Undergrad: 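My questions will all concern the structure given below.
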Amino acid sequence: MILRFDSESGKGYDIVVEAGSIGRIGSLIDLSGRKVLVVTDDGVPARYAGTVADAFAGSHILTLKAGEQTKTMDGLETVISCLVEHRFSRKDAIVAVGGGMVGDLCGFAASCYMRGINFYSVPTTLLSQVDSSIGGKTAINFHGVKNIVGAFHNPSKVIVDPECLDTLPPRVFAEGMAEMIKMAATSDRNLFESICAWNGDRTELCGMIAGALGIKLDVVQNDPYEKGLRKVLNFGHTIGHAIESAAAGAMYHGECVAAGMMYMSDGSARQQIGAALEKYGLPLWDSFDGAVLSEFVSHDKKATSSAVTAVWVSAIGSFEFRNFTQEELKQIISNRKNEQQHR
């Protein structure tokens with residue numbers, strides 16, 4: 001299955017969603033006569049980067065240390081130093097093989113090196129396959145602030161191979177399911193029902209991944225620089241980012257978004273979202289004090305001095321943007337905590 005992203009600049013790209021596609025990447029991406037830097041991390045099975053490197057003559061593999069601590073200026077310097085060492089030119093390319101950290105870092109390095117070279121994405125986690133691998137948002141962390149330095153730089157092609165998910169730990173796979181639940185809850189009731197009913201069939205998973213990607217493609221093509229509609233992808237993030245900050249690494253991003261969705265939904269939608277999260281072992285609740293979460297929300301980069309725009313879901317498959325004052329958000333958090341105490 002091939003999905004197409006058409007950018008306003010006219011430089012669109014294909015997203016190939018197909019089991020086994022990493023094994024035939026040489027026929028899917030033409031890099032003949034070009035140097036190729038394959039970047040991965042030590043948390044990704046080495047055979048994935050090896051398979052990609054073997055497909056292209058004159059390729060080099062750079063293996064980084066896994067974790068957000070690599071997505072920094074030091075990590076950026078490591079990637080660019082490797083490009084300089086091997087005398088990469090503007091016509092050469094980077095191929096990112098891994099999760100969101102590798103994709104973000106490589107995309108940003110590609111945007112900087114010689115004012116921009118091509119990069120290709122081979123996401124190997126479910127979260128990166130349905131989210132960070134498309135859309136062109138690249139970034140690194142700086143002085144402890146997540147994704148504060150970055151650029152919009154689209155990949156030249158994305159290769160999504162569901163077989164790579166076979167090696168994921170269950171908790172990491174569930175994190176990606178949280179992202180699919182998030183997108184389906186706001187935009188596609190049928191996809192949401194498929195996620196709730198999924199029995200492990202890989203063919204069905206391929207279709208669900210394509211469905212989630214279709215939602216994001218539609219949103220990003222209509223709002224490439226996050227001026228309006230693209231904010232729908234932040235469902236669950238308003239409180240989820242606060243939970244993530246309070247967790248200080250103890251919870252995965254998708255787990256925080258999962259719990260965050262329960263704050264920003266109501267009625268039958270909240271019940272259905274909760275049931276979907278439970279199916280995949282994702283948290284419906286968090287263990288942090290309401291005052292702590294309120295403090296983190298007040299410092300969120302998306303907040304203004306007067307209001308925070310958040311995504312609210314009352315019916316599966318639809319959403320609305322609501323503006324909340326800091327006091328209203330504190331009340332939402334307080335109400336949810338009271339529910340938790342009396343459950």
Side-chain angles (χ1 to χ4, degrees), residues 5 7 9 11-16 22 25-26 28-125 128 132-143 146-161 164:
F5 175 82
S7 71
S9 67
K11 295 181 180 179
Y13 56 91
D14 290 336
I15 301 101
V16 178
I22 195 172
I25 193 169
L28 297 171
I29 299 175
D30 182 10
L31 292 176
S32 56
R34 302 166 70 183
K35 293 178 183 176
V36 180
L37 180 63
V38 180
V39 183
T40 188
D41 70 52
D42 58 12
V44 178
R47 68 176 182 271
Y48 296 153
T51 297
V52 172
D54 288 345
F56 306 114
S59 61
H60 307 272
I61 296 177
L62 173 62
T63 303
L64 304 169
K65 185 174 177 58
E68 283 291 301
Q69 72 276 9
T70 297
K71 205 174 82 171
T72 60
M73 285 291 187
D74 288 343
L76 179 65
E77 182 178 359
T78 298
V79 176
I80 292 179
S81 293
C82 192
L83 294 170
V84 172
E85 177 187 351
H86 294 292
R87 299 183 179 181
F88 272 57
S89 70
R90 188 174 288 173
K91 73 179 182 66
D92 298 322
I94 300 175
V95 181
V97 181
M101 183 279 286
V102 170
D104 279 359
L105 178 60
C106 288
F108 187 50
S111 76
C112 297
Y113 187 72
M114 291 193 170
R115 298 188 178 92
I117 64 172
N118 292 147
F119 89 101
Y120 298 81
S121 182
V122 184
T124 60
T125 66
S128 61
S132 61
S133 63
I134 66 168
K137 290 170 72 173
T138 72
I140 59 172
N141 308 327
F142 185 73
H143 287 188
K146 188 177 176 67
N147 294 338
I148 198 67
V149 178
F152 286 95
H153 189 64
N154 282 320
S156 297
K157 184 173 273 191
V158 180
I159 306 298
V160 175
D161 187 348
C164 292

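One is the number of the first residue; the rest follow in order along the sequence. As the structure is a computational prediction, the values presented were derived from the model and not from experiment.
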Undergrad: Checking Phe108 now: which residues fulfil ring pair (Phe, Tyr, Trp, His ring centres under 6.0 Å) with it, not counting sequence neighbours?
TA: none

Undergrad: Does the side-chain contact (heavy atoms from CB on, under 4.5 Å) test come out yes or no for Ile15 and Val160, once each step is laid out?
TA: CA-CA 7 Å; Ile15 301 101; Val160 175; 4.0 Å; yes

Undergrad: Ala93 and Tyr120: which non-hydrogen atoms are nearest, and at how many Å?
TA: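 So the minimum-distance heavy-atom pair works out to CB-CE1, 3.9 Å.
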
Undergrad: Can you see which heavy atom on Ser128 is nearest to which on Gly98, and at what distance?
TA: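 The pair with the smallest heavy-atom distance is OG-O, 3.7 Å.
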
Undergrad: Name all pairs fulfilling the salt bridge (Lys or Arg N to Asp or Glu O under 4.0 Å) condition that reach into residues 89-104, sequence neighbours left out, sorted by first residue then second.
TA: Lys71-Asp104

Undergrad: With a 4.5 Å heavy-atom cut-off, do Thr72 and Ile140 have their side chains touching?
TA: no

Undergrad: Please evaluate residues Glu77 and Ile80 with respect to the criterion side-chain contact (heavy atoms from CB on, under 4.5 Å), reporting the C-alpha separation (whole Å), side-chain torsions for both, the decisive distance (0.1 Å), and the verdict.
TA: CA-CA 5 Å; Glu77 182 178 359; Ile80 292 179; over 6 Å; no

Undergrad: Check the pair Thr40, Tyr48 against side-chain contact (heavy atoms from CB on, under 4.5 Å), reporting the backbone distance first and the verdict last.
TA: CA-CA 9 Å; Thr40 188; Tyr48 296 153; over 6 Å; no

Undergrad: Between Asn141 (side chain) and Asn147 (backbone), is there a donor-acceptor pair under 3.5 Å?
TA: yes

Undergrad: Under 3.5 Å, is there a donor-acceptor pair linking the side chains of Asp30 and Ser32?
TA: yes

Undergrad: Whether the side chain of His153 engages the backbone of Ile117 through a donor-acceptor N/O pair (distance < 3.5 Å, no angle test) should be reported.
TA: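 Checking the backbone N and O of Ile117 against the side chain of His153, a donor-acceptor pair under 3.5 Å is found.
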
Undergrad: How far apart are the closest heavy atoms of Val102 and Ala96, and which atoms are they?
TA: CG1-CB, 3.8 Å

Undergrad: Please answer whether the main-chain N or O of His86 pairs with a side-chain N or O of Lys35 as donor and acceptor at a distance below 3.5 Å.
TA: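 Side chain of Lys35 to backbone of His86: a pair is present.
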
Undergrad: Any chance you could measure Leu83, atom CG, to His60, atom NE2, to the nearest 0.5 Å?
TA: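 Spacing of CG (Leu83) from NE2 (His60) equals 10.0 Å.
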
Undergrad: Answer yes or no: is there a side-chain heavy-atom contact under 4.5 Å between Val158 and Val16?
TA: no

Undergrad: Do Leu64 and Val39 have side chains that get closer than 4.5 Å, going by heavy atoms?
TA: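 Heavy-atom side-chain distance check passes, below 4.5 Å.
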
Undergrad: With a cut-off of 6.0 Å (strictly less than), are more than 12 heavy atoms of other residues, nucleotides or ligands near CD of Gln69?
TA: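 Yes.
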
Undergrad: Return yes if some donor-acceptor pair links the side-chain N/O of Thr70 with the main-chain N/O of Lys65 below 3.5 Å, else return no.
TA: yes

Undergrad: Using side-chain heavy atoms (C-beta onward) and a distance below 4.5 Å, is Tyr113 in contact with Val79?
TA: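 Answer no - side chains too far apart.
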
Undergrad: Do Thr78 and Ser81 get their side chains close enough for a donor-acceptor pair, meaning under 3.5 Å?
TA: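 Distance-only check fails for Thr78 and Ser81.
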
Undergrad: Donor-acceptor pair, distance only, cut-off 3.5 Å: does the side chain of Lys157 make one with the backbone of Leu28?
TA: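 Checked: pair present.
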
Undergrad: Under 3.5 Å, is there a donor-acceptor pair between the side chain of Asp41 and the main chain of Gly43?
TA: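 Flag set: sc Asp41 to bb Gly43 pair under 3.5 Å.
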
Undergrad: If you apply the rule side-chain contact (heavy atoms from CB on, under 4.5 Å), what do you find for Ile25 with Phe56, and how did you get there?
TA: CA-CA 9 Å; Ile25 193 169; Phe56 306 114; 4.3 Å; yes

